[in-house]
Each structure stands twice: as structure tokens, then as C-alpha cells.
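Indexing begins at 1, ligand by ligand and atom by atom, following the structure's order. The shown structure was predicted, so the numbers you read here are calculated from the model rather than taken from an experiment.
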Amino acid sequence: MIKLKPILFSAVQPSGQLTIGNYIGTMRHWSNLQNHYQCLYCIADLHALTTFNKEIFFKESVLDTLALYLACGIDPEKSIIFIQSHVHQHCQLNWILNCFSHFGELSRMTQFKTKIDKNYIKKINVGLFTYPILMASDILLYQTTFVPIGQDQKQHLELVRDIAKRCNFLYGNVFTIPKPCIHQSGSKIMSLLEPTKKMSKSDLNKNNVIFLLEQKKSIFLKIKNAVTDSEKPSKIYYNLQKKAGISNLLEILSAITNKEITFLEKELDGIMYSEFKNIIAEELYNFLSPIKESFLYYRNNTSYLEKVAYEGALKARLQADLTLHKIYSKLNFFSSFK
Ligand code: TRP
């Protein structure tokens, strides 16, 4: 592997439609990142199996996500875009890392615990439990240095680092230790009706979420219904404890307009909540329109998407094999690699 630039790995699950939270927290930064790093952008379909829902048209969702990647400015000439299940090395490394991960550390993952608490899915499958180990495989397979993630994935990445350090301790330098890069602004866009929890594409109440491809009417309606507060006289300022709803709306507006929250507080001083919401809806619509247009362009060109995925997988496999070979030889496997 010629390491001209540091490796950056990022992935999203193709389950459900992507939200403005996904975009603002993660995808928005991707097109710029590819100028500074050797980027790998993965569609984590194997991860999506952990919460698989028969209603979801799997293949369609993967194509949707791929089209969105391109619409977000990812350039297949600069970056490697691929689908996780197309690169079998992820599962091979996953098994090996399973054997270097501890039951206790996985049990401590808050995302797993909250999913059980909420009885989020009736029967808990083992894949949901070992989910972070597959993330470790994704990341470590490419000798990744940087992983752009949202706040919610921080603990998972900490675990990935622990697993990598453990393997390095036992076998010498096998893996690069990855570092998280968490974008400050917009890394935590919250639900519209329950602003103390994260905006999530898998939320059962769709009024909590604004999707990237949301229709104009629906953007206005959802923002109009977003929770605020009953402070009298109403005042727009950021305070997570007292004004979770307004703070979230400010966070959204700040992320899409690139204006500091303190600046917005001054600019919006004295206006009514309804007016504030109208401004946000209008800005959101303008912000999302070009993404949507570009998405439709790519989404209607399936053969191009298939070509991008095919070529991406070829490139990813070449890199993945190098790491797999390395760990096979460290483990002293009777390996068929030449
Ligand atoms: N778990 C991530 C999410 O749901 C998706 C993901 C899978 C990922 N593998 C990854 C993110 C590797 C970063 C690195 O958002």
C-alpha cells in the first residue's frame, strides 16, 4: 500500500433514509476530506442486517445510499467507495477480531444497552452485540488513521482502538491505531419532538426526523411542529437544559448557514418562534434542494452506480488483502497467500 496520504475510513448503514443529522454530522465533510486523505467510504450493509427489517428493500436502499454519497460530492476517482458485503475480507478479519474481543467490554457498549432497554427490537440477535467488532474490522482492515464519526460512535471507536492495541501488543505492529475526528458543529442534531434524544433515521415516529430527500411541504410541517418551550415572553437562545428544542433548532440553523450560534441569537433576537421556524424551514429547503437534484441524477443511472460499486470493491479488496495477509502470518496460519 503506498501511503501518500493518511487513510480515512467512514461508513453509514443503508437502512432507512439518511437524515439531516447524518449529513450535517458526517457526510457534509466528506467531499473536502478526500482532498487531504486517502478516503474509503463504505456502505455498511452487513451492519444493517443487525436491525434488518423485511419492509426495507435492501438492494434499493444500498443504491439510494450510493447515489447520496455521490450527490454529497464523493468522487470515485479520488476515493474508494464500496459496499461492505462486496469485500469478503471484512468478515474474515471480523472472525479473527472476535477472538481478541471480550464479552465484558462489549456488554458495556451504551448503544447496545439502550437498544435492549427500549426493547427496540423484540429479539436481540448476536450481531447487534458484536456489532462494534465488525466496525473494528472495517476500520483496521485498511490501516486507517482517521475515522470521522458522530458523538454516538465515540465509544465504539474507543473499543476499536483497544482491540487494535491488544493485537499489536500480542503480535507486534499489526494495525494502525485509528483516531476519531468528531465534527463539533452539527455532530449532534436531536429529534424534533423529543430534543433530548438524537435524530435517528430508524426513529419510528417520522415527525422526529427530517430526511435528506424530504419534500418541501413536509419540511415546513415538521419544523412547524417541532417542540419549543413556553417561556414568556418567548426568547431565542441556546440552553440545553432549559430550552432543548430551541437549542436544537439553533444547532440546525447554525450548521446549514455556517453562522455561529451566538451570532444567530443576536440576529434572531425578538422574533417569534413561528417566524424562527419559518426561517429554518426555508433555509433547510434551500440547503437540501441541490443535494436532492444531484441524488436523483445518480439514482436514475443504475448501471453507473453498479460500475462505481464494482470498481470500488476491486480497489478495496486489494488493500484489505494486505492487512489480512499480515495478520494471517502473525498468527502463523497455514496461509494460502503468496
Ligand atoms: N456504526 C456506524 C453508524 O451506524 C456505521 C459504521 C459501520 C461505521 N462501520 C463503521 C462508522 C466504521 C465508522 C467506521 O453510524
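Summary of contacts: the protein heavy atom closest to atom 4 (O) of ligand 1 is Y131 OH, 3.1 Å. When hydrogens are left out, the protein atom nearest atom 3 (C) of ligand 1 is Q153 NE2, 3.6 Å; that is the closest non-hydrogen contact. Here the heavy atom of the protein found nearest to atom 9 (N) of ligand 1 is D138 OD2, 2.7 Å. For atom 8 (C) of ligand 1, the closest non-hydrogen atom of the protein is A11 CB, 3.6 Å. In terms of protein heavy atoms, atom 12 (C) of ligand 1 is closest to F9 CE2, 3.5 Å.
The ligand atoms of ligand 1 that sit less than 4.0 angstrom from a heavy atom of Q13 are 4 (O). Taking every heavy atom of I139 and a limit of under 4.0 angstrom, the matching atoms of ligand 1 come to 12 (C), 14 (C). Each of the atoms 7 (C), 9 (N) of ligand 1 lies under 4.0 Å from some heavy atom of H47.
Proximity of the aromatic rings of F129 and F103 is defined here by a centroid distance below 6.0 angstrom, and this criterion is met.
The cationic group of K330 does not satisfy the cation-pi geometry with Y171, failing either the under 6.0 Å distance to the six-membered ring centre or the 45° limit from the ring axis.
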Any chance you could lay out the ring-ring contact (aromatic ring centres under 6.0 Å, His included) test for F211 and Y23, step after step, and finish with the verdict? CA-CA 9 Å; F211 295 104; Y23 184 76; over 10 Å; no
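Side-chain atoms of E260 and S254 include no donor-acceptor pair closer than 3.5 Å. Between the side chains of Y131 and Q111, no donor-acceptor pair is found at a separation under 3.5 Å. In this structure, a donor-acceptor pair under 3.5 Å is present between the side chains of E231 and Y237.
Among the candidates Q13, Q84, H90, the single residue satisfying the side chain to side chain donor-acceptor pair (under 3.5 Å) test with H47 is Q84.
Selection from D152, V12, V147 by nearest heavy atom to atom 13 (C) of ligand 1 gives V147.
Contacts between L134 and ligand 1 below 4.0 angstrom, taking non-hydrogen atoms only, are absent altogether.
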